[in-house]
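First listed ligand is number 1; within each ligand, the first listed atom is number 1. Please read these numbers as outputs of a predicted model, since none were measured by experiment. We're numbering straight along the sequence, starting at 1. Just the heavy atoms: all of them, side chains too, but no hydrogens, waters or symmetry mates, feed the values below.
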Amino acid sequence: MRRIADNISEILERIHAFEKSYQRPEGAVTLLAVSKTQPAEAIRQAYAAGIRDFGENYLQEAEAKIAALSDLDLTWHFIGPIQSNKTRLLARHFHWVHSVDRLKVARRLSEQREDSQAPLNICVQVNLSGEDSKSGISLADTESFCQQVATLPRLQLRGLMSIPAAESDFGRQRQQFARLATEFKRLRSQFAGFDTLSMGMSGDYEAAIAEGATLIRIGTAVFGARI
Ligand SMILES: *Cc1c(COP(=O)(O)O)cnc(C)c1O
């Protein structure tokens, strides 16, 4: 089995090469390590290899790891489906939430974020495929939804996130990401601090970087297959 540190240095090299080949500024893309199902020890190894941003999908599992790793200077991102009765814990323990697609959830996160904490960073999740079964706001409704989120006092609207339908063809991967990137560029001038395009996973991050991703969410390629 490969070591986590080896995986990370390889991914960072590839990110760097893709930034170059797609005319992105050096350092434009942040690697978010998706640590769902991985033990705290694996996160320590990734930290030792230079990673500071970690993504979790399941609140209970994440809370235990956040507590166990409180000695490290980590930035925690919640990227999973949100239950509206669990927003208080999200507001308390995370720095970012990428999966906001309901106003009720956004309002609760704002109300429940402590005044002593920095505003909670928010990405609005967009559903690119238009399948009803998928989470996310439609592209057509994204602007008005963002306008409402931007008024909430304890949130900082940072950008857009999407999980496009799995697609192995590079050209079609790019087409999906390009649709989100177009909306991102259009909204960018409307909202102060709107600087994050969260797209790309282990199987499609080259296409995401080519289309302007600023943050890629990588699980398997960092930690190996999930157990
Ligand atoms: C699991 C997950 C990822 C990482 O997926 P990999 O294919 O393992 O890189 C990224 N984003 C979200 C929202 C996820 O749930």
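One N or O on the side chain of Q117 and one on the backbone of E114 form a donor-acceptor pair closer than 3.5 Å. In this structure a side-chain-to-backbone donor-acceptor pair under 3.5 Å is present from R24 to A213.
The shortest non-hydrogen separation linking W96 to C123 is CZ3-SG, 4.0 Å.
For F194 and F184, the gap between ring centers is short of 6.0 Å.
Using modelled atom types and a 3.5 Å distance limit, the side chains of S35 and E56 yield a donor-acceptor pair.
Applying the under-4.5 Å side-chain rule to Ile, Leu, Val, Met, Phe, Trp and Tyr, the cluster around Y58 consists of that residue alone.
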Report all N/O contacts between ligand 1 and the protein shorter than 3.5 Å as a table of atom names and distances to 0.1 Å; if there are none, say 'none'.
unit_1   : atom_1 : unit_2 : atom_2 : d
ligand 1 : 8 (O)  : T220   : N      : 2.8
ligand 1 : 8 (O)  : T220   : OG1    : 2.4
ligand 1 : 8 (O)  : R226   : NH1    : 2.8
ligand 1 : 8 (O)  : R226   : NH2    : 3.3
ligand 1 : 9 (O)  : S202   : N      : 3.0
ligand 1 : 9 (O)  : S202   : OG     : 2.5
ligand 1 : 9 (O)  : G219   : N      : 2.8
ligand 1 : 11 (N) : R217   : NE     : 2.9
ligand 1 : 15 (O) : K36    : NZ     : 2.7
ligand 1 : 15 (O) : N57    : ND2    : 2.7

